[in-house]
Amino acid sequence: NSKKHGKNTYSFYSNHLEQYSTYRLSMRTALRRALRNSEFFLEYQPKFSLSDKRMMGVEALIRWNNKETLMSPNEFLNEAESNGMIIPISQWVIEQACRDIAHWKGDSKACCPVSINISPRYFQHGCLVDDLKACVNRFKIDASCIEIEITEQAFIPDIENAIKRMHELNDIGVKISIDDFGTGYSSFNYLMKLPVQQLKIDTSFIRSLEESEIQHSLVAEIIKIAHLFGLSVVAEGVEHEHIADLLMSYDCDLAQGFWLGSPIPANQFYKQFLVA
Ligand code: C2E
Ligand code: MG
Ligand code: MG
Ligand code: MG
């Protein structure tokens, strides 16, 4: 009986493994096809200064127009990260962002820095700096028009190498933000060591800001400490005016969120924010 049970268990798992590897294979094929058929596009979400509501930068966010359904990056980037497709996809994002910047440059009043999200694997891969340099040269734009956003997973596995890479980025004029701060290790110890310029407080803290006094103090303290280290602070996921007001009273520098501006396609962003 136990033997029979064991066999069933085995086939249960092997079926699931099979299904899983079929899924993974088809995702890989689908992502390849998506690149070939230009199914990816970028949306742009502005970052605003809280004190005067001026736009100080903008974040590029990838979208996948997959057979008429729009897939969000959370649904496919994890898979791309583990099957290697994240490398060519990231290179496409950089290229497209640089193309957009070059296109906007003609009319816009000032260079508004564009932030690109860089996945842990691509950050660690080694070609990031060269890819960035090649793209800015190709589109004749300034590297200082580009910033990158990385999460803690990008540098925690190998801090020393990460610091080297960060210096290379800073040397060509690319600023660095730590994204989703508060969700991972969130150690102030590494903040002291890393050559980064900006900290983005994760949505989860901003959304729960009103829940308790402790949440208020926590966010206020994160902002104070970040300032102590010379970092500017962005609050992500600001959905209401009173949250923006609260954050301003804590001296938070910048904010992003649906209340201020949702992610929108490149041409719409251009019309709405750059040629006014
Ligand atoms: P993220 O970099 O932390 O981006 C913020 C996410 O919050 C975006 O989701 C944005 O659309 C969403 N958001 C903005 N304002 C609000 C708000 O007021 N309320 C709420 N609830 N959400 C808001 P999105 O575009 O689905 O991206 C999810 C994540 O996927 C990003 O998180 C980033 O980690 C990753 N990602 C997006 N584009 C790229 C890319 O081109 N390359 C890489 N490697 N990762 C990307
Ligand atoms: Mg981001
Ligand atoms: Mg984030
Ligand atoms: Mg995120």
Side-chain angles (χ1 to χ4, degrees), residues 31 34-35 39-48 50 55 57-66 69-101 113-125 127-128 131-132 135 146-155 175-184 186 196-209 222 233-244 247 254-266 268-269:
L31 289 168
L35 268 178
E39 293 170 16
F40 293 118
F41 65 98
L42 294 181
E43 286 196 328
Y44 289 90
Q45 183 180 35
K47 296 182 182 179
F48 291 93
L50 275 164
M55 188 186 63
V58 60
E59 177 175 9
L61 295 158
I62 194 171
R63 303 289 178 253
W64 180 9
N65 201 342
N66 180 24
T69 60
L70 203 60
M71 261 175 114
S72 91
N74 287 328
E75 295 174 83
F76 62 89
L77 287 182
N78 278 342
E79 199 50 36
E81 182 82 355
S82 56
N83 69 24
M85 285 303 290
I86 193 67
I87 307 292
I89 292 174
S90 303
Q91 288 165 334
W92 177 85
V93 172
I94 289 178
E95 189 185 318
Q96 188 56 43
C98 288
R99 181 177 291 118
D100 288 337
I101 295 169
V114 174
S115 302
I116 301 176
N117 291 283
I118 301 295
S119 82
R121 183 157 172 188
Y122 184 51
F123 183 78
Q124 289 151 8
H125 185 264
C127 56
L128 168 64
D131 287 347
L132 277 171
C135 259
I146 295 177
E147 300 182 347
I148 66 158
E149 298 189 4
I150 51 174
T151 55
E152 292 165 325
Q153 295 96 281
F155 53 81
K175 292 198 176 120
I176 303 164
S177 298
I178 297 180
D179 206 347
D180 300 348
F181 186 79
T183 58
S186 306
V196 298
Q197 289 73 38
Q198 191 172 72
L199 196 77
K200 299 187 77 176
I201 304 178
D202 191 67
T203 318
S204 54
F205 290 90
I206 307 306
R207 234 183 289 145
S208 61
L209 196 54
I222 293 175
V233 183
V234 186
E236 304 189 286
V238 176
E239 296 182 354
H240 302 283
E241 182 170 15
H242 61 273
I243 298 282
L247 288 162
L254 307 175
Q256 270 181 301
F258 297 160
W259 179 67
L260 294 145
S262 299
I264 46 178
Q268 202 179 324
F269 171 76

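Counting starts at 1 for both ligands and their atoms, following the listed order. These numbers were taken from a predicted model, which means no experiment stands behind them. Counting begins at 1 with the first residue of the sequence.
The Mg ion (ligand 2) is closest to atom OE2 of Glu59 (considering only N, O or S atoms). Between the Mg ion (ligand 3) and the N, O or S atoms of Asp180, the shortest distance is to OD1.
Geometrically, ligand 1 and Trp259 share no nitrogen or oxygen pair separated by less than 3.5 Å. At under 3.5 Å, not a single nitrogen or oxygen of Leu61, backbone or side chain, sits near a nitrogen or oxygen of ligand 1.
Comparing Pro73, Ser72, Ala60 against atom 24 (P) of ligand 1, the shortest heavy-atom distance belongs to Pro73. Residue Glu239 holds the heavy atom nearest to atom 21 (N) of ligand 1 of all those in Glu236, Glu239, His240.
Partner Lys47 forms a side chain to side chain donor-acceptor pair (under 3.5 Å) with one of Glu59, Glu236, Gln198 and no other, that one being Gln198.
The shortest distance between side-chain heavy atoms of Tyr122 and Asn117 does not fall below 4.5 Å. Two residues are said to be in side-chain contact when any heavy atoms from C-beta on lie closer than 4.5 Å; Ser82 and Asn78 fail this criterion. Between Tyr44 and Asp100, some side-chain heavy-atom pair lies under the 4.5 Å cut-off. Put simply, the side chain of Leu247 does not reach to within 4.5 Å of the side chain of Val233, judged on heavy atoms. Between Leu254 and Leu50, the closest side-chain pair of non-hydrogen atoms is not below 4.5 Å. Side-chain contact between Ser90 and His125 is absent, with no heavy atoms from C-beta onward closer than 4.5 Å. Using a 4.5 Å cut-off on side-chain heavy atoms (C-beta onward), Ile222 and Leu199 make contact.
The Mg ion (ligand 2) forms the vertex of an angle spanning OD2 of Asp179 and OE1 of Glu149; to the nearest 10 degrees it equals 90°.
At a cut-off of 2.8 Å, Asp202 is not counted among the residues with an N, O or S atom near the Mg ion (ligand 3). Checking Asn117 against the Mg ion (ligand 2), an N/O/S atom falls under the 2.8 Å cut-off.
Proximity of Gln256 to ligand 1 is not established, as no heavy-atom distance is less than 4.0 Å. Heavy-atom distances between Glu43 and ligand 1 stay at or above 4.0 Å for every pair. Close to ligand 1: Pro263, with a non-hydrogen atom less than 4.0 angstrom away.
The side chain of Asp180, and not its backbone, has at least one atom closer than 4.0 Å to an atom of ligand 1 (non-hydrogen atoms only; side chain from C-beta on). Residue contacts with ligand 1, taken as heavy atom pairs separated by less than 4.0 Å, involve Leu77 solely via side-chain atoms from C-beta onward. With a 4.0 Å heavy-atom cut-off, ligand 1 is reached by no atom of Lys200. Counting heavy atoms closer than 4.0 Å to ligand 1, residue Asp202 contributes nothing at all. With a heavy-atom cut-off of 4.0 Å, Val93 touches ligand 1 through its side chain alone.
Counting the atoms of ligand 1 from 1 in the order shown, those under 4.0 Å from a heavy atom of Ser119 are 44 (N). Which parts of ligand 1 touch Gln45 is read off a 4.0 Å heavy-atom cut-off, strictly below it: atoms 14 (C), 15 (N). For ligand 1, the atoms lying closer than 4.0 Å to a non-hydrogen atom of Asn74 are 28 (C), 29 (C), 30 (O). Atoms of ligand 1 found under 4.0 Å from any heavy atom of Arg63, numbered from 1 in the order shown, are 11 (O), 24 (P), 25 (O). Taking every heavy atom of Asp179 and a limit of under 4.0 angstrom, the matching atoms of ligand 1 come to 1 (P), 2 (O), 3 (O).
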Item to check | From CA spacing to verdict: salt bridge (Lys or Arg N to Asp or Glu O under 4.0 Å), Arg121, Glu81 | outcome: CA-CA 7 Å; Arg121 183 157 172 188; Glu81 182 82 355; over 6 Å; no
Item to check | Intermediate values then yes/no, side chain to side chain donor-acceptor pair (under 3.5 Å), Ser204 and Asp202 | outcome: CA-CA 5 Å; Ser204 54; Asp202 191 67; 2.8 Å; yes
Next on the checklist: side-chain contact (heavy atoms from CB on, under 4.5 Å), that's the test. Do Ile178 and Phe155 meet it? Break it down for me.
Outcome noted: CA-CA 10 Å; Ile178 297 180; Phe155 53 81; 4.0 Å; yes
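The aromatic rings of Trp64 and Phe76 sit perpendicular, their planes meeting at an angle over 60°, well past the 30° parallel limit.
Looking at residues two or more places apart in sequence or on another chain, you find a side-chain contact (heavy atoms from CB on, under 4.5 Å) between Gln197 and Asn170, Lys175, Ile176.
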